[in-house]
Colleague: 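Below: one structure in structure tokens.
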Amino acid sequence: MGASPGPPADPSVTWEERHTMSYKYGRRAPKNAPALRFGSFLQSGAPAYPASEDYLGKLSNWQMLGNDVAGDCNAVTWANTRRLVTAWLTAEYYPTQAQVWEFYQTQNPNFDPNGTADAFGPGSSADNGMDIQTGLEYLQATGGPDGVKAVAFAKVDHTQIAEVKAAMAIFGGLWLGVNVLAANQQEFNAGQDWTDVSGSSIEGGHAILGGGYDTGIKFITWAQETEFMPSFWNGVVQGNPLVEEAWVAIWPEHLGTTGFEQGVDQSQLAADYLALTGEQLVLPSA
């Protein structure tokens with residue numbers, strides 16, 4: 001099922017405004033440092049995933065959280081991810097705008113959300129986006145502004161759709177890094193799914209939360225759920241893949257769930273973590 005036109009999920013943004021707005025990006029080029037690989041510790045006997053699923057669709061009122069004025073898409077993806085995980089597994093908590101800015105400032109320390117384009121604010125040189133992997137490293141080492149640390153994180157091979165669907169079935173969502181075509185903003189404003197539009201150039205790098213699939217991969221961006229069609233998911237423009245990064249973050253809430261227990265080879269995860277970091281992986285009590 002594709003995205004259909006209708007009022008945006010963020011009640012502060014009207015449908016008329018959505019047709020005329022230009023949204024922001026903010027994903028830096030990936031640093032491609034060594035990382036865990038989800039496929040390595042995916043349990044061979046993991047439960048079958050459903051033919052189609054929409055984990056995002058069970059929630060409404062997704063928020064813009066500043067990504068209409070600043071390049072904070074990766075911080076917004078953190079907030080959307082924490083909302084999704086807590087809503088499904090514990091009690092829903094949606095990080096605030098202040099917390100999104102706080103996480104954004106971990107890679108943009110001089111950024112002032114109340115500043116101007118000439119003085120450290122949105123659109124200034126202090127508004128410089130984020131690297132996804134660096135952000136995940138921070139969330140594991142320090143924790144997010146909500147006080148929760150990621151247990152670990154791993155790359156997902158987005159070219160293997162079975163692996164993508166298994167990751168969503170276990171963790172509920174994927175942290176995605178994509179290259180957005182100029183035509184995709186037009187598709188978004190028209191309530192259309194995103195495709196690889198011939199002749200359209202890459203406009204910017206973007207971080208978003210993927211959280212479902214049927215014909216394509218469902219995701220949240222700019223406070224609205226929409227979908228990548230296969231042409232986008234598999235697309236390459238001038239040598240650049242449109243989907244460039246896919247990650248899973250393991251949060252404390254995942255531990256002890258049926259999906260985690262049956263889908264993750266915990267011995268292999270621990271061995272991979274030790275090989276990568278030289279340290280033992282500590283799993284908090286579920």
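In this chain, numbering begins with 1 at the start of the sequence shown. Computed over heavy atoms, backbone and side chain alike; hydrogens, waters and symmetry mates excluded.
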Colleague: Might you point out which heavy atoms bring Asp131 and Thr134 nearest each other, and give the distance in Å?
Modeller: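 Minimum heavy-atom separation between Asp131 and Thr134: OD2-OG1, 2.6 Å.
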
Colleague: Please give me the minimum heavy-atom distance between Val156 and Ala167, naming the atom from each residue.
Modeller: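 Taking every non-hydrogen atom into account, CG2-CB, 4.2 Å.
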
Colleague: So if I apply the ring pair (Phe, Tyr, Trp, His ring centres under 6.0 Å) rule between Trp78 and each of Phe103, Phe153, Trp247, which one comes out positive?
Modeller: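 Passing option: Phe103.
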
Colleague: Taking a hydrophobic cluster as the set of Ile, Leu, Val, Met, Phe, Trp and Tyr residues connected by side-chain heavy atoms closer than 4.5 Å, whether directly or through intermediates, do Leu174 and Ile161 fall within one such cluster?
Modeller: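 Yes.
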
Colleague: Give me the one residue out of Val76, Asn80, Thr221 that meets side chain to side chain contact (heavy atoms under 4.5 Å, CB included) with Leu209.
Modeller: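 With Leu209 as partner, side chain to side chain contact (heavy atoms under 4.5 Å, CB included) holds for just one option, Asn80.
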
Colleague: Under 3.5 Å, is there a donor-acceptor pair linking the side chains of Gln266 and Gln43?
Modeller: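 No donor-acceptor contact under 3.5 Å links the two side chains.
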
Colleague: Please state whether the rings of Phe219 and Trp194 are parallel, tilted or perpendicular, taking 30° and 60° as the class boundaries.
Modeller: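 Judged by the thresholds at 30° and 60°, the geometry between Phe219 and Trp194 is perpendicular.
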
Colleague: Below 4.5 Å, heavy atoms only, C-beta onward: do Glu187 and Val197 meet side chain to side chain?
Modeller: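 Answer yes - side chains close enough.
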
Colleague: Measure across Thr226 and Gln192 and return the closest heavy-atom pair with its distance rounded to 0.1 Å.
Modeller: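 It is OG1-O, 3.5 Å.
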
Colleague: If you measure from CZ on Arg83 to CG on Leu59, what distance do you get to the nearest 0.5 Å?
Modeller: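 Going from the CZ atom of Arg83 to the CG atom of Leu59 covers 4.5 Å.
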
Colleague: Are Trp251 and Phe171 close enough that their ring centres sit under 6.0 Å apart?
Modeller: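 Ring-ring flag for Trp251/Phe171: false, centres at least 6.0 Å apart.
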
Colleague: How many angstroms lie between CG in Leu65 and CH2 in Trp222, if you round to the nearest 0.5 Å?
Modeller: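 Between Leu65 CG and Trp222 CH2, I get 14.5 Å after rounding to 0.5 Å.
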
Colleague: Salt bridge (charged side-chain N to carboxylate O under 4.0 Å, His left out) with Glu245: which of Lys155, Arg27, Lys31?
Modeller: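 Going through Lys155, Arg27, Lys31 one by one, the salt bridge (charged side-chain N to carboxylate O under 4.0 Å, His left out) with Glu245 is satisfied by Arg27 alone.
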
Colleague: Does a donor on one side chain and an acceptor on the other come within less than 3.5 Å for Asp54 and Tyr213?
Modeller: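 Their side chains do not contain a donor-acceptor pair, so the 3.5 Å distance test is not met.
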
Colleague: For a side-chain contact (heavy atoms from CB on, under 4.5 Å) check, start with the C-alpha distance between Asn128 and Gln107, then their side-chain angles and the critical distance, and finish with the verdict.
Modeller: CA-CA 8 Å; Asn128 198 33; Gln107 293 184 38; over 6 Å; no

Colleague: Is a donor from one side chain sitting under 3.5 angstrom from an acceptor on the other, for Asn189 and Gln186?
Modeller: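 No.
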
Colleague: Would one find more than 12 heavy atoms of other residues, nucleotides or ligands at under 6.0 Å from atom OH of Tyr94?
Modeller: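 Enclosed.
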
Colleague: Any chance you could measure Asp272, atom CG, to Leu281, atom CG, to the nearest 0.5 Å?
Modeller: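 Separation between the atoms: 10.0 Å.
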
Colleague: Evaluate the criterion salt bridge (charged side-chain N to carboxylate O under 4.0 Å, His left out) for residue pair Arg82 and Glu253; output intermediate values, then yes/no.
Modeller: CA-CA 10 Å; Arg82 290 300 300 150; Glu253 292 91 347; 2.7 Å; yes

Colleague: Would a 4.5 Å heavy-atom cut-off, applied to side chains only, mark Ser40 and Gln268 as touching?
Modeller: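 Touching, per the 4.5 Å side-chain cut-off.
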
Colleague: Would you say Leu242 and Phe228 make side-chain contact, with heavy atoms under 4.5 Å?
Modeller: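 Side-chain contact under 4.5 Å: no.
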
Colleague: For Ala182 and Ser200, work out which heavy atoms get closest and say how close.
Modeller: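 Shortest heavy-atom contact: N-OG, 3.4 Å.
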
Colleague: Are side-chain N/O atoms of Asp72 and Trp101 paired as donor and acceptor at under 3.5 Å?
Modeller: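 No, no side-chain donor-acceptor pair sits under 3.5 Å.
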
Colleague: In the structure I gave you, are the side-chain heavy atoms of Leu274 and Gln280 within less than 4.5 Å of one another anywhere?
Modeller: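 Yes, at least one pair of side-chain atoms sits under 4.5 Å.
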
Colleague: OG1 of Thr195 to CE of Met229: how many Å apart, nearest 0.5 Å?
Modeller: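 Interatomic distance, Thr195 OG1 to Met229 CE, rounded to 0.5 Å: 9.0 Å.
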
Colleague: Is there side-chain contact between Asn108 and Asp127, with heavy atoms separated by less than 4.5 Å?
Modeller: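 Contact flag for Asn108/Asp127 side chains = no.
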
Colleague: In sequence, state the C-alpha distance, the side-chain angles, and the governing distance for Ile170 and Leu42, and then conclude on side-chain contact (heavy atoms from CB on, under 4.5 Å).
Modeller: CA-CA 10 Å; Ile170 295 169; Leu42 173 61; 3.8 Å; yes

Colleague: Check the angle between the aromatic planes of Tyr23 and Phe188 and answer parallel, tilted or perpendicular using the 30° and 60° thresholds.
Modeller: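 Plane angle over 60°, so perpendicular.
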
Colleague: Are the side chain of Ser124 and the backbone of Ala119 linked by a donor-acceptor contact shorter than 3.5 Å?
Modeller: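 Side chain of Ser124 to backbone of Ala119: no pair is present.
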
Colleague: Tyr25 vs Glu203, test: side chain to side chain donor-acceptor pair (under 3.5 Å). Steps then yes/no.
Modeller: CA-CA 9 Å; Tyr25 303 117; Glu203 197 168 63; 2.5 Å; yes

Colleague: Check whether Tyr104 reaches the backbone of Gln99 with its side chain - one donor and one acceptor, N or O, closer than 3.5 Å.
Modeller: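 No, because the side chain of Tyr104 does not come within donor-acceptor range (under 3.5 Å) of the backbone of Gln99.
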
Colleague: Under the side-chain contact (heavy atoms from CB on, under 4.5 Å) criterion, do Ile250 and Leu255 qualify, and how do the steps go?
Modeller: CA-CA 8 Å; Ile250 304 174; Leu255 305 181; 4.2 Å; yes

Colleague: Applying a strict under-4.5 Å side-chain criterion to I, L, V, M, F, W and Y, I'd like to know whether Met130 and Phe120 cluster together.
Modeller: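 No; tracing contacts between hydrophobic side chains, which count when under 4.5 Å, never links both residues.
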
Colleague: Distance from Asp193 atom CG to Thr215 atom OG1, nearest 0.5 Å?
Modeller: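 Reported value, rounded in 0.5 Å steps: 8.5 Å.
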
Colleague: Do the non-hydrogen side-chain atoms of Pro122 and Phe111 ever get within less than 4.5 Å of each other?
Modeller: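 The answer is yes, as the side chains (C-beta and beyond) meet within the 4.5 Å cut-off.
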
Colleague: In terms of hydrophobic clustering (I, L, V, M, F, W, Y; side-chain heavy atoms under 4.5 Å; direct or indirect links), are Leu176 and Val237 co-clustered?
Modeller: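 The answer is yes; both residues are in one hydrophobic cluster.
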
Colleague: Which distance, rounded to the nearest 0.5 Å, do you find between the OG1 of Thr77 and the CG of Leu84?
Modeller: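 It is 12.0 Å, given to the nearest 0.5 Å.
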
Colleague: Please give me the minimum heavy-atom distance between Phe232 and Asn179, naming the atom from each residue.
Modeller: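 Taking every non-hydrogen atom into account, CZ-O, 3.4 Å.
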
Colleague: Would a 4.5 Å heavy-atom cut-off, applied to side chains only, mark Ile217 and Met168 as touching?
Modeller: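 When only atoms from C-beta onward are counted, Met168 and Ile217 do touch, with a gap below 4.5 Å.
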
Colleague: Could you check if a side-chain atom of Val151 sits within less than 4.5 angstrom of a side-chain atom of Pro252, using non-hydrogen atoms only?
Modeller: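 Heavy-atom side-chain distance check passes, below 4.5 Å.
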
Colleague: For residues Pro34 and Gln133, report the shortest heavy-atom separation together with the two atoms involved.
Modeller: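 Heavy atoms of Pro34 and Gln133 come nearest at O-NE2, 3.4 Å.
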
